[in-house]
Peer 1: 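The structure that follows is given in the form of structure tokens.
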Number of protein chains: 2
Amino acid sequence: MSDAHKVLQALGDATRRDMVERLTDTAMSVSALAAPYDMTLTAVGQHLAILEAAGLVKTEKIGRVRSCSLNPAGFAVLDIWTKARRSTWERRLDALGDILDGPS
Amino acid sequence: MSDAHKVLQALGDATRRDMVERLTDTAMSVSALAAPYDMTLTAVGQHLAILEAAGLVKTEKIGRVRSCSLNPAGFAVLDIWTKARRSTWERRLDALGDILDGPS
DNA sequence: ACAATACTCAAGTTTTAACTTGACTGTTTT
DNA sequence: AAAACAGTCAAGTTAAAACTTGAGTATTGT
């Protein structure tokens, strides 16, 4: 399974997408990450493992708490995949658009 | 379910990702699209419906054959989502990168 | 020292999504 | 007109993910 496929598979689940969106704003512990969801901490841990394996999230355990934050590497992979998946025609349009608009 | 979520859900499946990759190169009929997979035409049709609902593929039926091609709109949605999901710091780096590299 | 916190693990259950079956519609070919 | 082709539909089955349970470990607070 390629990196891009791992990333897309990971983001295929609604809970994991929500976790990623919440981590966009701020890093947090596993418990804090789990708080909004009606599921066990174990389940959240499993989602987290998938996100980590995909390179979307990185975690570090200090003492008894594991801090979770976004890992930009995963998003870079996704970006590259998306760009490659466009038709030749569309890529030409994009290049034109970038020139007209300038970098965002 | 938002557009970005539909797109990511759709691309969460390996068969659908492969279909998208094959449609990158050329448009084709449902049968041609189905050929490499060890599954029924019905199953392929179901995958196709999901890709179409996500805005990743567009299809047109002429006579008895349905032609399938990539729909760049879905990829644009994915691109926007990806960009938004990066940390503030990373987004600054991206902007700088774009300026240095110029449009791809 | 004891209790509470913050996870972690293996194994089993449940739910979702993928896939099949069998019958059917409309279109093109012979 | 009949047969083959290209796809579609509803309903059921199967396989894959998500999720839970009931434990256990290491760390921090009282």
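Numbered from 1 within each chain, the chains take letters A, B, ... in sequence-line order.
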Peer 1: Taking side chain as C-beta onward, heavy atoms only, is A/N71 less than 4.5 Å from A/V57?
Peer 2: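 Not touching, per the 4.5 Å side-chain cut-off.
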Peer 1: Which sits closer to the 5' end of DNA chain D, B/V30 or A/T15, going by the nucleotide each is nearest to?
Peer 2: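 Taking each residue's closest nucleotide, the earlier one in sequence belongs to B/V30.
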Peer 1: Going by number, which of residues 41-50 of chain B have a non-hydrogen atom under 4.0 Å from DNA chain C?
Peer 2: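 Within residues 41-50 of chain B, the residues near DNA chain C are B/T42, B/A43, B/Q46, B/H47, B/I50.
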Peer 1: Test of understanding: with side-chain contact (heavy atoms from CB on, under 4.5 Å), list the residues that count as partners of B/R66, not counting sequence neighbours.
Peer 2: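 Partners of B/R66 by the side-chain contact (heavy atoms from CB on, under 4.5 Å) criterion, ordered by chain and then number, come out as B/V30, B/T59, B/K61.
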Peer 1: Side-chain heavy atoms under 4.5 angstrom apart, residues restricted to Ile, Leu, Val, Met, Phe, Trp, Tyr: same cluster for B/L56 and B/I50?
Peer 2: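 Per the 4.5 Å side-chain linkage, B/L56 and B/I50 are not co-clustered.
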Peer 1: In whole angstrom, what separates A/M28's CE from C/dA6's P?
Peer 2: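 Going from A/M28 (CE) to C/dA6 (P), I get 15 Å.
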Peer 1: Can you list everything that forms a side-chain hydrogen bond (donor to acceptor under 3.5 Å, both in side chains) with B/D79? Sequence neighbours excluded, please.
Peer 2: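 Expected list: A/R86.
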Peer 1: Measure the distance from CE on A/M39 to P on D/dA17 and round it to the nearest whole Å.
Peer 2: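 The distance from CE of A/M39 to P of D/dA17 comes to 17 Å, rounded to the nearest Å.
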Peer 1: Quick check on contacts: within residues 51-66 of chain A, what sits under 4.0 Å from DNA chain C by heavy-atom distance?
Peer 2: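 Output list: A/K61, A/R64, A/V65, A/R66.
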Peer 1: In whole angstrom, give the distance that lies between atom CG of B/D13 and atom P of C/dT16.
Peer 2: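 Taking atom P of C/dT16 as the reference, CG of B/D13 is at 18 Å.
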Peer 1: Could you work out, with side-chain contact (heavy atoms from CB on, under 4.5 Å) as the rule, every residue matching A/A53, not counting sequence neighbours?
Peer 2: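 None.
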Peer 1: From CG of A/L11 over to P of D/dA18, roughly how many Å is that when rounded to an integer?
Peer 2: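 Going from A/L11 (CG) to D/dA18 (P), I get 12 Å.
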Peer 1: Output all residues satisfying side-chain contact (heavy atoms from CB on, under 4.5 Å) with B/A14, sequence neighbours left out; order by chain, then residue number.
Peer 2: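 B/R17.
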Peer 1: Using atom types as modelled and distance alone, determine if a side-chain donor or acceptor of A/K58 lies under 3.5 Å from a backbone N or O of A/L70.
Peer 2: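 Checking the backbone N and O of A/L70 against the side chain of A/K58, a donor-acceptor pair under 3.5 Å is found.
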Peer 1: Once you round it to whole Å, what is the distance between P of D/dA6 and CG of B/L33?
Peer 2: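 About 14 Å, once rounded to whole Å.
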Peer 1: Return a table of donor-acceptor pairs under 3.5 angstrom between the side chains of residues 42-49 of chain B and protein atoms on other chains or two or more places apart.
Peer 2:
unit_1: B/H47; atom_1: ND1; unit_2: B/R16; atom_2: NH1; d: 3.1

Peer 1: List the residues meeting side-chain contact (heavy atoms from CB on, under 4.5 Å) with B/R22, not counting sequence neighbours, and say none if there are none.
Peer 2: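 Partners of B/R22 under the side-chain contact (heavy atoms from CB on, under 4.5 Å) test: B/D18, B/M28, B/L33, B/P36, B/Y37.
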Peer 1: Quick one: A/D38 CG to D/dT20 C1', roughly how many Å, whole number?
Peer 2: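 Answer to the nearest Å: 12 Å.
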Peer 1: Answer yes or no: does a side-chain N or O of A/T40 lie under 4.0 Å from OP1 or OP2 of D/dT20?
Peer 2: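 Result: yes.
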